[in-house]
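Proteins get letters first, then strands, A, B, ... in listed order; numbering begins at 1 in each. Because the structure is predicted, anything quoted here is derived from the model rather than measured.
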Number of protein chains: 2
Amino acid sequence: MSSSRDQTVADGIRDRFQDLTRAERQLANAILANYPVSGLGSITALAEVSGVSTPTVVRMAKKLGFGGFPELQAALRAELEATISSPIAKHDRWAESAPDTHILNRFAEAVTENLRQTLRQIGIEEFDGAAALLRDRRRDVYVVGGRITRSLADYFFTHMQVIRSGLTLIAPNSNTWPHYVLNMKEGDVLVAFDVRRYEHDVLRLAETVTARGVKLILFTDQWGSPAAKLATHSFRVRIEAPSAWDSSVVTLFVVEALIAAVQTATWSETKERMRILEELFDQTKIFRKFV
Amino acid sequence: MSSSRDQTVADGIRDRFQDLTRAERQLANAILANYPVSGLGSITALAEVSGVSTPTVVRMAKKLGFGGFPELQAALRAELEATISSPIAKHDRWAESAPDTHILNRFAEAVTENLRQTLRQIGIEEFDGAAALLRDRRRDVYVVGGRITRSLADYFFTHMQVIRSGLTLIAPNSNTWPHYVLNMKEGDVLVAFDVRRYEHDVLRLAETVTARGVKLILFTDQWGSPAAKLATHSFRVRIEAPSAWDSSVVTLFVVEALIAAVQTATWSETKERMRILEELFDQTKIFRKFV
DNA sequence: TTCGATCTGAAACTATATTTTCAGAGTGGG
DNA sequence: CCCACTCTGAAAATATAGTTTCAGATCGAA
């Protein structure tokens, strides 16, 4: 039964998470999301905020080794009492036991700060302007990344591809780039990622294409790629991290936000494209096999 | 009635203590003695520990301006929630310029919340354990991603490749996967990314390799990939976003933090590898040309 | 596809919590 | 001492919480 209680209810939930069913996981997440307060109300209230039925709550309580919901709730209260009464424990209720010096926490702080600074620097017009270019179906869009940012370019490409056609991911090998340039027409858009150490090839490409009337949307870092002066819209993202490498987390954030903005603005089309995509996946499924 | 609630329940009790009767004072003291936990149980339990009757509790609740005991209790829960809420959550209105409804701000809020929740759910042992596996040079490491997460797998691979040898990025086409499995030996590590919609092929791969003694490190979402039950270490990342797609920002965060942890633990070697890498870049440069 | 196994929530049911009623106990003024 | 008043909790009444049952939904295997 209920494993020797040195374990908190939260620990129990995490341990047994894999044994939980869909609805139960939804519930578990709701409990953890606002722990432990959401578990201290009535079973009805908890079921409601979790979007599940009350029987599901009871079932999960039993799965976790309690006799019923009231027992689980009593355990939560007991924990709360233990935590609150001991003056030591006040701190860190969120990251549970993670000490401040743990890399996870230091990283979290750095990223939060990066996000804050970046948001402060990005102009709304800059952002909206870029989104407008990207949703313009008359413009073809090309995407290019550098050694590190290639993954981000790829991520952007994968999502944007669902939203619109006329999208090309430029291969990493710069020898092949002239072929792409050959196809670009005035008014087309190049989305480039260039963070330190700034890559010479990317700058050259930017120079070449902007000279031919192609618009440049640039993702760079707080110091600014030399290509920034050529860009129609550029995003200077803060990328500091307690690591030997810079952090791409906030860059990905801007990428996702931009994708979301374009998607929202073209929702009716995107929706249809997503539907068709689903069908295609279903049809492809029969070809796939492994082991 | 109920006085303008900036006041806590405790404040209210102290303010009106003079107006309380003997039994009510006894009750009030019991509530304050173990605040707020004793107020969070049933009215019966509270009456019992206070040594008064339940009607007394109801009467005092009304005296304090609540409609009844449940209302008082709800107020206690609300206070608790406010007290407990995390340090990260205190997002000061970012850019004054950006209206709250702008997608950038909504996205930022979602991501911040995701980060907070994810930190709460990740155990440090889980994290440190994964880092330990990854820095063990006797184990070869394989990395695989799905349709969406492929970019993340790629990002992980690119960085980890600088840190250590014996690293393989598994190609997207699952037809080729058996070839990789052929090379894996007991104790090797598979780093898999699997978020909804969970991919059957990835699950199959996980089953196959874990059966052969390969350790599985899994990045999944808050609902949990079915492969989680096979994983030695798994990270459930919250990926909600105001978008048609889920957000990978926090997943990337965990990836970067993990890379940083491994890198820190093996710094002397990593440093040397980075130095050599720089040299190699310099040497290659002379071959590269564009336009 | 069909079949079986699981999962799920609506609704019936049961248990408990909460409120109300009310009579007795206490108290202080006359 | 009596009366009028407040206070209090037992017990009844009511409302809500919690549990169980069960039929339909869903998912995976054959």
Overall bend of the helix from C:dT1-D:dA30 to C:dG30-D:dC1 (five pairs an end, 10° steps) is 20°
Protein heavy-atom contacts under 4.0 Å, written 5' to 3' over nucleotides 21-26 of chain D as B (base), S (sugar-phosphate only) or - (none), form the string ------
Check whether any side-chain heavy atom of [X] lies under 4.5 Å from a side-chain heavy atom of [Y], and answer yes or no.
| X | Y | result |
| --- | --- | --- |
| B:L133 | B:D136 | no |
| A:M274 | A:I163 | no |
| B:R238 | B:L115 | no |
| B:F157 | B:T168 | no |

[X] [atom1] to [N] [atom2]: how many Å, rounded?
| X | N | atom1 | atom2 | result |
| --- | --- | --- | --- | --- |
| B:Q73 | C:dT19 | CD | P | 10 Å |
| B:R204 | D:dG28 | CZ | C1' | 11 Å |
| A:D19 | C:dT6 | CG | C1' | 15 Å |
| B:K63 | D:dC7 | NZ | P | 6 Å |
| B:F69 | C:dT20 | CZ | P | 15 Å |
| B:Y198 | D:dG28 | OH | P | 12 Å |
| B:L27 | D:dG9 | CG | C1' | 14 Å |
| B:L40 | C:dA17 | CG | P | 15 Å |

In terms of heavy-atom contacts, B:V250 and B:V111 come closest through CG2-O, 4.0 Å
A:S50 and A:L27 have their tightest heavy-atom pair at OG-CD1, 3.3 Å
Which nucleotide in the list [options] gets nearest to the side chain of [X]?
| X | options | value |
| --- | --- | --- |
| A:V52 | D:dG18, C:dG9, C:dT18 | C:dG9 |
| A:I43 | D:dA17, C:dT18, D:dG9 | D:dA17 |
| A:S42 | C:dT18, C:dT8, D:dA17 | D:dA17 |
| B:T21 | D:dG9, D:dC7, C:dT18 | D:dC7 |

Whichever of A:T44 and B:G51 has the more 5' nearest nucleotide on DNA chain D, that residue is B:G51
Looking for any heavy atom pair under 4.0 Å, which part of the strands does B:T54 touch: base, sugar-phosphate only, or nothing? base
**Report entry** Test: B:D19 and B:K63 ion pair at under 4.0 Å
**Finding:** no
Please check if any side-chain donor atom of [X] sits under 3.5 Å from a side-chain acceptor atom of [Y], or the reverse.
| X | Y | result |
| --- | --- | --- |
| B:N173 | B:T176 | no |
| B:S151 | B:D154 | no |
| B:E240 | B:Q117 | no |
| B:S247 | A:E256 | yes |

Are [X] and [N] close enough that a side-chain N or O sits under 4.0 Å from OP1 or OP2?
| X | N | result |
| --- | --- | --- |
| B:T56 | D:dT8 | no |
| B:R22 | D:dT8 | yes |
| B:K62 | C:dT20 | yes |

Contact check, residues 220-228 of chain B vs DNA chain D, heavy-atom distance under 4.0 Å, returns none
NZ or CZ of B:R120 within 45° of A:Y35 ring axis and under 6.0 Å
no
